[in-house]
Amino acid sequence: MTAETQPMSASSRELTIVIPTFQERDNVGPLVGLVREALPMISWEMIFVDDNSPDGTAEAVWEIGQSDFRVRCIKRIGRRGLSSACIEGMLATGATYVAVMDADLQHDPMLLRSMLNILRGDQVDLVIASRYMPGGSMGDWEVDRVRISTFATRLSRLIAKQPVSDPMSGYFMLRREVLESEVERLSSLGFKILLDIIASSPIPLRLAEVPLQFGKRYAGESKLSTAVAWEFLLLIGDKLVGRYVPVRFVAFSSVGVAGAFVHFAVLTAAFKVIGLSFPVSQAAAVIIAMIFNYSLNNILTYRDVSRKGWGWLRGLASFIVVCGLGAIANVGVASYLFGQQQTMWALAAIAGIFVGAVWNYAVSSRYTWGK
């Protein structure tokens, strides 16, 4: 065992590099090799935070860790999300400085040393590798993806409290005490933890940026998807209105509105087109709308704890029971206000809908998705 691979005490560790992963097995070895080359004579470690990748990413990290104790893995079971993975990794170290980077080799490890040197100067809290400052680039991204990224960057400025050229960057380094001072304010939503950190800080951070030439993915596939875009919108929403109402409740209610349209579409088709009786048509509409709401919430609102396999069916059964009780509460409150309190029928109906929505959200969050 060489000095380079000797175990280190928490006090001797200067830099921890956190890498969130999902299905990145083939990238682990090359990335570790590049970090070794980039950081000679520096006490560092790499923490891979893996969301139970089926391709054996965690096992690949553990195999390297057998001979290099600077490389370790946190394997998460039953939860997903890039931001929450980064937070877990950053909280799992006692290093003075913490970096976050992707596993796909699009982030140049050679920048780590210059970012570290800037932080050592004690004049900066956070260093960002920026694609948009002079000297940086988006690499070989397609035009449509560049446009999406540019739009998201502009949108992010709604919640960023200070000017940053690339608040959507996934490559940065900060002092660990910065994270500790604001970790309880973080939303942990979506995939842009840097934006969450900047937006959550109670005071402007001392920032520096270094140019990043965005590279090509070494192996695997991009994680960019519609669900990822939705998570980004949830983060924006949480920072804008989260202090007044949980953003998951907003998302849950939005899905409910979509479910109402599905309900009336099915009711119309069954009653007016097919010619079924109204009670049968209404029952079919209710069931299909509930399945629609549950499925969409499982994919979007509760993506980080989504149910799969037999758990999906158990979750659906739980959701139907919860919403059935919510419907009873809806009717009960509306009827009481209209009949006993002489409330205007429209206001009574709205009150019933609100009570039912809050019940459905609160109870399904706890029992259907275990939040």
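Keep in mind the model is a prediction, meaning the values are calculated, not measured.
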Of Ile198, Leu194, Leu195, the one forming a side-chain contact (heavy atoms from CB on, under 4.5 Å) with Val164 is Ile198
side-chain contact (heavy atoms from CB on, under 4.5 Å) test vs Asn360 passes for just one of Asn293, Thr368, Val322, namely Val322
Only residue of Arg120, Arg175, Arg113 satisfying salt bridge (Lys or Arg N to Asp or Glu O under 4.0 Å) with Glu14 is Arg120
- prompt: Is the distance between the ring centroids of Trp44 and Tyr97 under 6.0 Å?
  reply: no
Open item on the list: For a side chain to side chain contact (heavy atoms under 4.5 Å, CB included) check, start with the C-alpha distance between Tyr294 and Ile320, then their side-chain angles and the critical distance, and finish with the verdict.
Closed with: CA-CA 9 Å; Tyr294 169 74; Ile320 289 175; over 6 Å; no
Worksheet item: Is a salt bridge present between Lys75 and Asp50, judged by a nitrogen-to-oxygen distance below 4.0 Å?
Response: no
| field | Ring geometry between Phe249 and Phe354 (parallel below 30°, tilted from 30 to 60°, perpendicular above 60°) | value | perpendicular
Notebook entry, point to check: Going by heavy atoms in the side chains, are Trp312 and Ser295 under 4.5 Å from each other?
Noted result: yes
Quiz item: Where does the angle between the aromatic ring planes of Phe252 and Tyr361 fall among parallel (under 30°), tilted (30 to 60°) and perpendicular (over 60°)?
Solution: perpendicular
- Message: If we ignore hydrogens and angles and just use 3.5 Å, is the side chain of Ser169 paired with the main-chain N or O of Ser130 as donor and acceptor?
- Response: no
Within the side chain of Asn298, is there an N or O that forms a donor-acceptor pair under 3.5 Å with the backbone of Arg307? yes
task = Go through the steps for Thr16 and Arg176 under the test side chain to side chain contact (heavy atoms under 4.5 Å, CB included), then give the verdict.
result = CA-CA 10 Å; Thr16 294; Arg176 186 168 55 85; over 6 Å; no
Glu209 (side chain) donor-acceptor with Ser165 (main chain) under 3.5 angstrom:
yes
Whether Tyr171 side chain and Gln106 backbone form a donor-acceptor pair below 3.5 Å: no
Legend entry - Side chain Arg248, main chain Thr301, donor-acceptor under 3.5 Å: yes
Using modelled atom types and a 3.5 Å cut-off, is there a donor and acceptor pairing between side-chain atoms of Asp102 and backbone atoms of Asp104? no
What verdict does the side chain to side chain contact (heavy atoms under 4.5 Å, CB included) test give for Val28 and Phe48, after you've listed the backbone C-alpha separation in whole Å, the side-chain angles of each residue and the deciding distance to 0.1 Å? CA-CA 9 Å; Val28 170; Phe48 291 82; 4.1 Å; yes
Donor-acceptor pair, distance only, cut-off 3.5 Å: does the side chain of Asp125 make one with the backbone of Arg206?
yes
Subject >> Min side-chain heavy-atom separation Met173-Ser114 under 4.5 Å >> reply: no
- Item | Polar side-chain atom of His263 near backbone of Ala289 as donor-acceptor pair, under 3.5 Å | no
